[in-house]
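Hydrogens, waters and symmetry mates are skipped; everything else that's a heavy atom, side chains included, is used.
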Amino acid sequence: MQTTVDRTGLGRLISAAGGSADGITAVIDDLGADAVAATVVRELLHRADVPAGPDVAVQVGLRHGDATIRYGLQVGSAGIAHLPEPVGTPDASLTQDLTEVVRSLFGPRGAQSSASRVVHWGHLEDPSAFDRPLPAYDVVRRLVDALDRPYDIGLAELCVRYGSDKWGHHTYPRRYEQHFGPLRDQPLTILEIGVGGFGDQHRGGASLEVWRRYFPRALVYGLDIVDKSHLTDQRVTVLQGDQSSPADLARVVEVMGRPDIVIDDGSHVSAHLLASFASLFPVLRHGGLYVMEDLQTSYWPTFGGRAGTYDDPATSLGFLKTLVDGLHHEEIVGRTPAFTDPDIGGVHFYHNLAFVEKERNLDGGAPSWIPRGVRQRAGVPD
Ligand SMILES: C[S@@+](CC[C@H](N)C(=O)[O-])C[C@H]1O[C@@H](n2cnc3c(N)ncnc32)[C@H](O)[C@@H]1O
């Protein structure tokens with residue numbers, strides 16, 4: 001397959017997909033139409049989820065200027081594959097403007113359009129096509145759905161599809177939908193600590209796949225202490241590092257830039273969660289979310305938690321509770337400022353899960369003439 005655009009190019013394409021057709025076309029010209037066509041075909045194949053089935057050959061044509069860039073796709077017992085050459089006599093062909101395809105795949109909710117699409121079926125002259133569906137119908141239906149309905153899939157379904165324990169062992173998708181839903185069509189940078197599969201280099205990546213599908217415009221990064229870099233794919237970059245090492249995290253930020261979302265599903269050791277938060281919360285963008293999973297470990301000494309005392313700020317939950325005071329830092333007399341105080345917009349606790357919103361927290365507090373001590377309250381006897 002033709003070389004796809006690199007991560008920076010992909011970021012440009014995604015951002016352009018939220019703007020005008022002329023802007024998208026200009027970025028396509030700049031990145032090279034062939035490389036952009038290869039990128040969208042790869043994305044399309046990933047999202048279409050075409051299962052193994054009877055032999056079907058489909059040709060995808062992407063119009064740009066006077067040219068049409070053609071790709072052959074072959075479905076068979078091994079699933080769907082991309083052919084090095086266009087298909088001679090396809091069972092179906094789908095042709096659409098490249099600019100429109102870029103906008104459909106990488107644009108925000110509501111930007112999808114099929115105005116320039118033409119579909120031709122190869123066997124309509126065969127009378128049997130009238131009384132049973134052609135195998136090509138389902139393949140084309142999946143490709144078209146991937147283009148037209150990138151936001152029509154829920155998190156629980158994605159977790160089941162890719163085998164993430166976020167649904168099943170846990171019931172996190174409901175909470176993730178609540179907080180992530182409004183951000184879903186934004187061009188985001190997302191980091192998840194903990195790729196999965198633990199010591200097995202060849203396992204893991206389930207939740208990275210979930211985020212890649214759930215956020216069609218996101219660049220997704222995974223960090224694991226074990227080298228799982230072979231899971232790197234279009235829109236997914238997997239890095240190796242220790243979440244408790246500020247130097248490793250600085251290297252991650254150097255590669256990825258400032259994140260909009262951080263999800264900590266790594267070692268679940270309290271000291272590691274706190275170290276990651278100290279390095280990553282300051283670089284999280286305003287409007288972003290910092291999520292910690294599996295917080296039950298805050299009560300388990302094997303994970304650096306405390307069994308009998310619940311407010312120790314050296315544990316993950318004990319620390320998160322201090323952020324609630326940080327939310328009110330402007331109201332607290334004589335408080336020693338915490339580095340988080342000016343940037344805590346909200347803290348949401350659920351079973352084993354917490355979301356911290358990063359926002360400017362500098363409203364100014366209550367007016368200074370309101371007495372802070374109960375005993376000084378004007379006109380109220382002690
Ligand atoms: C629970 S799994 C992650 C599951 C994955 N997020 C999912 O939902 O599919 C935890 C992962 O964290 C990794 N891990 C453990 N200690 C770590 C550390 N100190 N730094 C980075 N990753 C670590 C493990 O290798 C393991 O793959």
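With Tyr214 as the aromatic partner, Arg184 meets the cation-pi criteria of under 6.0 angstrom to the ring centre and within 45 degrees of the ring axis.
In this structure, His351 places its NE2 atom where only 12 or fewer heavy-atom neighbours from other residues, nucleotides or ligands lie under 6.0 Å away.
Judged purely by atom type and a 3.5 angstrom limit, Ser270 uses its side chain to pair as donor or acceptor with the backbone of Ser316. Without hydrogens or angle criteria, Asp260 side chain to Gly288 main chain gives no donor-acceptor distance under 3.5 Å. A donor-acceptor contact shorter than 3.5 Å is absent between the side chain of Lys228 and the backbone of Gln240. Formation of a donor-acceptor pair under 3.5 Å by the Arg63 side chain with backbone atoms of Ser116 is found in this model.
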What do the steps show when you test Asp29 against His64 for side-chain hydrogen bond (donor to acceptor under 3.5 Å, both in side chains), and what is the final call? CA-CA 9 Å; Asp29 287 336; His64 189 66; 2.8 Å; yes
Given Asp22 and Ser20, is the side-chain hydrogen bond (donor to acceptor under 3.5 Å, both in side chains) satisfied, shown in steps? CA-CA 5 Å; Asp22 284 352; Ser20 69; 5.5 Å; no
Test side chain to side chain contact (heavy atoms under 4.5 Å, CB included) applied to Lys166 and Val210, step by step: CA-CA 10 Å; Lys166 288 182 181 359; Val210 170; 5.9 Å; no
Pair Leu223, Asp248 - check side chain to side chain contact (heavy atoms under 4.5 Å, CB included), show working. CA-CA 10 Å; Leu223 173 71; Asp248 285 3; 5.8 Å; no
For the pair Asp264 and Gln243, evaluate side-chain hydrogen bond (donor to acceptor under 3.5 Å, both in side chains) and give the outcome as yes or no after the intermediate values. CA-CA 9 Å; Asp264 189 339; Gln243 73 168 117; 2.9 Å; yes
Arg117 vs Glu100, salt bridge (charged side-chain N to carboxylate O under 4.0 Å, His left out): CA-CA, chis, key distance, verdict: CA-CA 9 Å; Arg117 181 181 302 150; Glu100 192 175 67; over 6 Å; no
Evaluation steps, side chain to side chain contact (heavy atoms under 4.5 Å, CB included), between Leu323 and Tyr290: CA-CA 12 Å; Leu323 299 183; Tyr290 197 106; over 6 Å; no
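We find that Arg335 and Asp325 are not joined by a salt bridge, their nearest charged nitrogen and carboxylate oxygen being 4.0 Å or further apart. Salt bridge Asp145/Arg142: absent, no basic N to carboxylate O contact under 4.0 Å. Ionic pairing of Arg212 and Glu209 is present here: one or more N-O contacts between side-chain nitrogen and carboxylate oxygen are shorter than 4.0 angstrom.
You'll find the side chain of Pro150 reaches within 4.5 Å of the side chain of Gln112, heavy atoms only. Between Leu143 and Leu73 there is a side-chain heavy-atom pair separated by less than 4.5 Å. His286 is listed as a side-chain neighbour of Asp343, based on a closest heavy-atom distance under 4.5 Å. Counting heavy atoms from C-beta on, the side chains of Ile24 and Phe106 never come closer than 4.5 Å. Using a 4.5 Å heavy-atom threshold, the side chains of Tyr162 and Arg213 count as touching. Within the 4.5 Å cutoff, no side-chain heavy atoms of Asp138 are placed close to those of Val56.
From Leu284, atom CG reaches atom CD of Glu357 across 11.0 Å, with rounding to the nearest 0.5 Å.
Of the candidates Leu280, Ile263, Asp265, Ile193 forms a side-chain contact (heavy atoms from CB on, under 4.5 Å) with just one, namely Leu280. In summary, of the residues considered (Arg174, Arg175, His179), a side-chain hydrogen bond (donor to acceptor under 3.5 Å, both in side chains) with Tyr350 occurs for His179 alone.
For the pair Leu208 and Glu192, the tightest heavy-atom approach, listed with the atom from each and the gap, is CD2-CB, 4.1 Å. Taking all atoms of both residues into account, the shortest heavy-atom contact from Asn361 to Gly326 is ND2-O, 3.2 Å. The shortest non-hydrogen separation linking Pro342 to Leu362 is CB-CD2, 4.0 Å. The two atoms that bring Arg217 and Arg235 nearest to each other are N-NH1, 4.1 Å, heavy atoms only.
Taking the six-membered ring for Trp and the full ring otherwise, the centers of Trp167 and Tyr176 sit at least 6.0 Å from each other.
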